[in-house]
Novice: 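Provided herewith is a single structure, encoded as structure tokens, for subsequent inquiry.
In what follows, residues are counted from 1 in the order of the sequence shown. Owing to the predicted nature of the structure, the values given are computational and were not obtained by experimental measurement.
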Amino acid sequence: MAIRTFIADDNTQLVEMLRDVLTQNGQFDVVGCAHDGLQALSGVQQCAPDLLLLDIIMPHLDGMTVLERLDMPRRPKVAMFSALGQDRVTLQALELGADAYFVKPFDFD
């Protein structure tokens with residue numbers, strides 16, 4: 001069974017690359033994408049994915065706020081990513097419930 005995945009990042013090229021990489025092997029099913037925080041929050045609540053790939057810096061709502069506002073019966077696993085590699089940002093993301101944190105740029109493997 002494929003992992004239902006939602007991708008949220010304001011960089012449309014990165015979203016498309018992630019979608020392509022994730023769907024190549026059939027282990028992931030990208031059920032939605034968003035390019036700002038409001039779209040991400042709404043889309044995740046509608047799609048109920050297993051995994052949310054969430055950028056921190058986005059228009060309208062940042063990723064941290066999206067993470068704070070996720071109020072769902074079954075919350076997805078959350079992997080956050082950002083160009084911000086500061087320890088305090090990583091710690092804040094993990095304290096808010098992120099399961100993983102990656103610094104951009106990252107290796108798709």
Side-chain angles (χ1 to χ4, degrees):
M1 180 184 225
I3 299 168
R4 296 172 41 83
T5 306
F6 193 96
I7 304 169
D9 193 304
D10 59 329
N11 181 330
T12 56
Q13 282 185 305
L14 179 61
V15 169
E16 290 306 313
M17 287 189 315
L18 281 169
R19 180 196 304 249
D20 291 345
V21 168
L22 291 173
T23 57
Q24 279 179 355
N25 66 11
Q27 292 181 354
F28 295 88
D29 177 19
V30 177
V31 295
C33 298
H35 302 293
D36 71 54
L38 288 174
Q39 290 175 345
L41 189 57
S42 173
V44 168
Q45 290 171 336
Q46 287 177 345
C47 295
D50 303 312
L51 173 64
L52 168 59
L53 302 178
L54 180 63
D55 186 22
I56 289 182
I57 300 173
M58 292 186 295
H60 305 299
L61 288 179
D62 63 39
M64 298 290 194
T65 304
V66 170
L67 194 55
E68 284 178 318
R69 292 186 183 177
L70 273 182
D71 184 20
M72 306 169 63
R74 190 182 67 80
R75 188 175 170 153
K77 294 288 185 183
V78 178
M80 296 194 80
F81 48 91
S82 178
L84 301 173
Q86 302 164 353
D87 289 342
R88 68 175 178 77
V89 175
T90 304
L91 183 60
Q92 181 183 6
L94 296 174
E95 287 174 348
L96 288 173
D99 298 282
Y101 186 92
F102 300 95
V103 178
K104 291 181 192 177
F106 45 83
D107 184 351
F108 286 112
D109 293 327

Novice: Minimum heavy-atom separation for Gln45 to Arg69, with atom names?
Specialist: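 In this case the closest contact between Gln45 and Arg69 is NE2-O, 4.0 Å.
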Novice: Write down the atom of Pro59, the atom of Asp36, and the distance for their closest heavy-atom approach.
Specialist: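 Closest pair (atom of Pro59, atom of Asp36, distance): O-CB, 3.4 Å.
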Novice: Before giving the answer on side-chain contact (heavy atoms from CB on, under 4.5 Å), spell out for Arg75 and Leu67 the whole-Å C-alpha distance, their side-chain angles and the decisive distance to 0.1 Å.
Specialist: CA-CA 10 Å; Arg75 188 175 170 153; Leu67 194 55; 2.8 Å; yes
Novice: Would a hydrophobic clustering, with Ile, Leu, Val, Met, Phe, Trp and Tyr connected at side-chain separations under 4.5 Å, put Leu38 with Phe6?
Specialist: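 They do share one cluster, since a chain of ILVMFWY contacts under 4.5 Å joins Leu38 to Phe6.
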Novice: Should Val78 and Val103 be counted in the same cluster of Ile, Leu, Val, Met, Phe, Trp and Tyr side chains packed under 4.5 Å apart?
Specialist: yes
Novice: Just wondering, do Leu41 and Leu70 contact through their side chains at under 4.5 Å, heavy atoms?
Specialist: yes
Novice: Search all heavy atoms of Ala34 against all heavy atoms of Ala40 and return the closest pair with its distance.
Specialist: CB-N, 3.4 Å
Novice: For a 4.5 angstrom cut-off between non-hydrogen side-chain atoms, does Asn11 reach Asp55?
Specialist: no
Novice: Identify the heavy atoms of Val44 and Met72 that sit nearest to each other, and give their distance.
Specialist: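 Residues Val44 and Met72, closest heavy atoms: O-CE, 3.5 Å.
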Novice: Using the rule given for side-chain contact (heavy atoms from CB on, under 4.5 Å), can you reason through Asp9 versus Lys104, listing the C-alpha separation, both sets of side-chain angles and the distance that settles it, and then say yes or no?
Specialist: CA-CA 12 Å; Asp9 193 304; Lys104 291 181 192 177; 2.8 Å; yes
Novice: Step through the shown structure and confirm whether more than 12 heavy atoms of other residues, nucleotides or ligands are within 6.0 Å of CG on Asp71.
Specialist: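 Counting neighbours around CG of Asp71, 12 or fewer heavy atoms of other residues, nucleotides or ligands fall under 6.0 Å, so no.
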Novice: Same cluster or not: Phe102 versus Leu53, using hydrophobic residues (I, L, V, M, F, W, Y) connected whenever any side-chain heavy atoms lie under 4.5 Å apart?
Specialist: yes
Novice: State the NE2-NE2 distance between His35 and His60, to the nearest 0.5 angstrom.
Specialist: 12.0 Å
Novice: Are there more than 12 heavy atoms of other residues, nucleotides or ligands under 6.0 Å from atom NZ of Lys77?
Specialist: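 No, NZ of Lys77 has 12 or fewer neighbouring heavy atoms, counting only those of other groups under 6.0 Å.
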Novice: Using atom types as modelled and distance alone, determine if a side-chain donor or acceptor of Asp50 lies under 3.5 Å from a backbone N or O of Arg4.
Specialist: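 Checked: pair present.
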Novice: Should Met80 and Leu94 be counted in the same cluster of Ile, Leu, Val, Met, Phe, Trp and Tyr side chains packed under 4.5 Å apart?
Specialist: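 Per the 4.5 Å side-chain linkage, Met80 and Leu94 are not co-clustered.
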Novice: How long is the span from the CD atom in Glu95 to the CD atom in Gln92, to the nearest 0.5 Å?
Specialist: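 Output value for this atom pair is 7.5 Å.
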Novice: Taking all heavy atoms of Gly63 and all of Leu54, pick out the closest pair and write down the distance.
Specialist: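 For Gly63 and Leu54, the tightest heavy-atom pair comes out as O-CD2, 3.4 Å.
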Novice: Would you say that Glu68 contacts Thr65 through its side chain, given a criterion of any heavy-atom pair below 4.5 Å between the two side chains?
Specialist: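 With C-beta onward as the side chain, the pair touches.
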Novice: Calculate, to the nearest 0.5 Å, the distance between atoms OG and CG belonging to Ser42 and Leu61 respectively.
Specialist: 11.0 Å
Novice: Might you work through the side-chain contact (heavy atoms from CB on, under 4.5 Å) test for Phe28 and Leu18, ending with a clear yes or no?
Specialist: CA-CA 11 Å; Phe28 295 88; Leu18 281 169; over 6 Å; no
Novice: Determine whether a donor-acceptor pair (N or O, by modelled atom type, separation under 3.5 Å) exists between the side chain of Asp29 and the backbone of Val31.
Specialist: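 No; judged by distance alone, with no hydrogens or angles, the pair does not exist.
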Novice: Can Asp87 and Thr90 be counted as having a side-chain donor-acceptor contact under 3.5 angstrom?
Specialist: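 Thr90 and Asp87 do not have a side-chain donor-acceptor pair below 3.5 Å.
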Novice: Are Ile7 and Met17 connected in the hydrophobic side-chain network, where two residues link if heavy atoms are under 4.5 Å apart?
Specialist: yes
Novice: For the CG atom of Leu14 and the CZ atom of Arg19, what is their distance to the nearest 0.5 Å?
Specialist: 12.0 Å
Novice: If every non-hydrogen atom of Gly37 is compared with every non-hydrogen atom of Val66, which pair is closest and at what distance?
Specialist: O-CG2, 3.5 Å
